[in-house]
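Just so it is clear, the structure is predicted and the values come from calculations on it, not from any experiment.
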Amino acid sequence: MRYGREYIETILPHRDPMLLVDTVEALEPGKMAETTFYADPEMEIFRGHFPGDPVLPGVYTIEIMGQAADVLVLSTEKYAGKTPLFLGLNGARFYRKIVPGETVCVHVEIVSEREDKAIITCAATASVGGEKAASCELAIAMR
């Protein structure tokens, strides 16, 4: 199973230029998701971060992992159509640079859920070419 932007836009409220999920490669709603994002060399952010040595900013990497978590959670029946809000981030680690032209693959799983408050914590790992680029746990609230 592989889903493109048209399907992703039925799940996520994000749109360009803030939609940072290009494909959903695997999805088990409420359990796990795998997504990709292509770091297009034409992205405006690369002009200033950093001239002559462009690198995808770490906050973009975190957002890419957050949106993968959003796909996972919003694909469930009980949270479909909700707005995901970032609540927190734990243990963020960066292992390698992500540079223009690379495809970021994200694997995300639900770690815990507080159903009474609609707060979900997910573990996420971003990789490029099978090499770990970043990881974190992030909490999102569904509103």
Side-chain angles (χ1 to χ4, degrees), residues 1-50 54-143:
M1 147 188 74
R2 183 172 200 248
Y3 300 111
R5 282 281 180 115
E6 187 175 306
Y7 175 77
I8 293 162
E9 288 182 0
T10 68
I11 298 173
L12 294 182
H14 307 75
R15 296 295 180 266
D16 282 331
M18 276 309 297
L19 179 55
L20 302 177
V21 176
D22 291 328
T23 67
V24 175
E25 299 293 322
L27 178 61
E28 292 180 49
K31 293 186 181 179
M32 64 77 66
E34 292 180 359
T35 65
T36 67
F37 174 74
Y38 174 66
D40 188 330
E42 299 302 314
M43 289 174 65
E44 187 70 19
I45 196 71
F46 290 129
R47 287 185 344 121
H49 195 269
F50 301 99
V55 176
L56 189 72
V59 295
Y60 271 63
T61 305
I62 296 297
E63 180 66 21
I64 291 166
M65 290 189 288
Q67 288 186 26
D70 293 343
V71 167
L72 171 59
V73 175
L74 290 169
S75 66
T76 65
E77 202 173 300
K78 67 181 165 183
Y79 296 122
K82 302 282 187 190
T83 299
L85 303 174
F86 234 146
L87 285 184
L89 182 66
N90 290 314
R93 298 285 181 265
F94 299 92
Y95 304 98
R96 73 180 295 283
K97 295 191 287 187
I98 298 171
V99 298
E102 292 186 319
T103 297
V104 180
C105 300
V106 176
H107 177 87
V108 64
E109 297 179 359
I110 292 179
V111 173
S112 66
E113 179 180 2
R114 289 190 56 192
E115 287 191 53
D116 61 321
K117 300 213 181 251
I119 296 173
I120 298 94
T121 301
C122 296
T125 302
S127 61
V128 174
E131 182 181 357
K132 187 189 295 188
S135 64
C136 70
E137 275 193 4
L138 43 93
I140 51 179
M142 294 294 130
R143 299 296 183 255

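E102 has its side chain out of reach of K97: every pair of non-hydrogen atoms, C-beta onward, lies at least 4.5 Å apart. Counting only heavy atoms from C-beta outward, the side chains of L27 and Y7 approach each other to under 4.5 Å. Counting heavy atoms from C-beta on, the side chains of P84 and H14 come closer than 4.5 Å. Contact check for C136 versus M65: side-chain heavy atoms found under the 4.5 Å cut-off. A heavy-atom distance below 4.5 Å is found between the side chains of I62 and F94. Put simply, the side chain of M142 does not reach to within 4.5 Å of the side chain of T83, judged on heavy atoms. Side-chain contact between I120 and Y79 is present, with at least one heavy-atom pair separated by less than 4.5 Å. Y95 places none of its side-chain heavy atoms less than 4.5 Å from the side chain of E131.
Listed for the H49 side chain is a donor-acceptor partner under 3.5 Å among the backbone atoms of V55. In this structure, the side chain of R114 does not engage the main chain of T121 through any donor-acceptor pair within 3.5 Å. Without hydrogens or angle criteria, R96 side chain to V128 main chain gives no donor-acceptor distance under 3.5 Å.
Other residues, nucleotides and ligands contribute more than 12 heavy atoms inside 6.0 Å of the CZ atom of R15. Atom CZ of R93 has 12 or fewer heavy atoms from other residues, nucleotides or ligands within 6.0 Å. Environment of NZ in K31: sparse, with no more than 12 heavy atoms of neighbouring residues, nucleotides or ligands closer than 6.0 Å.
Between the OG1 atom of T10 and the OH atom of Y3 there is a distance of 9.5 Å, given to the nearest 0.5 Å. Distance OG/S75 to CD1/I8: 11.5 Å, rounded to 0.5 Å. Expressed to the nearest 0.5 Å, how far CE of M32 lies from SG of C122 amounts to 12.0 Å. Taking CD from E42 and CG from D40, the interatomic distance works out to 6.0 Å, rounded to the nearest 0.5 Å. Rounding to the nearest 0.5 Å gives a distance of 11.0 Å between CD1 of I110 and CD of E28. Note that CD1 of I98 and OG1 of T103 are 10.5 Å apart. Values are rounded to the nearest 0.5 Å.
Closest of all the heavy-atom pairs between T36 and C105 is CG2-SG, 4.1 Å. When every heavy atom of A134 is checked against every heavy atom of T61, the shortest pair comes out as CB-CG2, 3.7 Å. Listed here is the closest heavy atom pair of G130 and S127: C-CB, 4.4 Å. G66 and F86 get closest at one heavy-atom pair: CA-CZ, 4.4 Å. Taking both residues in full, the closest heavy atoms of V108 and A68 are given as CG1-O, 3.6 Å, listed atom of the first, atom of the second, then distance. Of all heavy-atom pairs between L74 and P13, the closest is CD1-CD, 4.0 Å.
For the side chain to side chain contact (heavy atoms under 4.5 Å, CB included) criterion with Q67, the lone passing option out of L20, T35, L72 is L20.
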Checklist entry - Given E34 and V24, is the side chain to side chain contact (heavy atoms under 4.5 Å, CB included) satisfied, shown in steps? => result CA-CA 6 Å; E34 292 180 359; V24 175; over 6 Å; no

Checklist entry - Checking side chain to side chain contact (heavy atoms under 4.5 Å, CB included) for the pair M18/E63: CA distance, chi angles, key distance, verdict? => result CA-CA 9 Å; M18 276 309 297; E63 180 66 21; 3.8 Å; yes

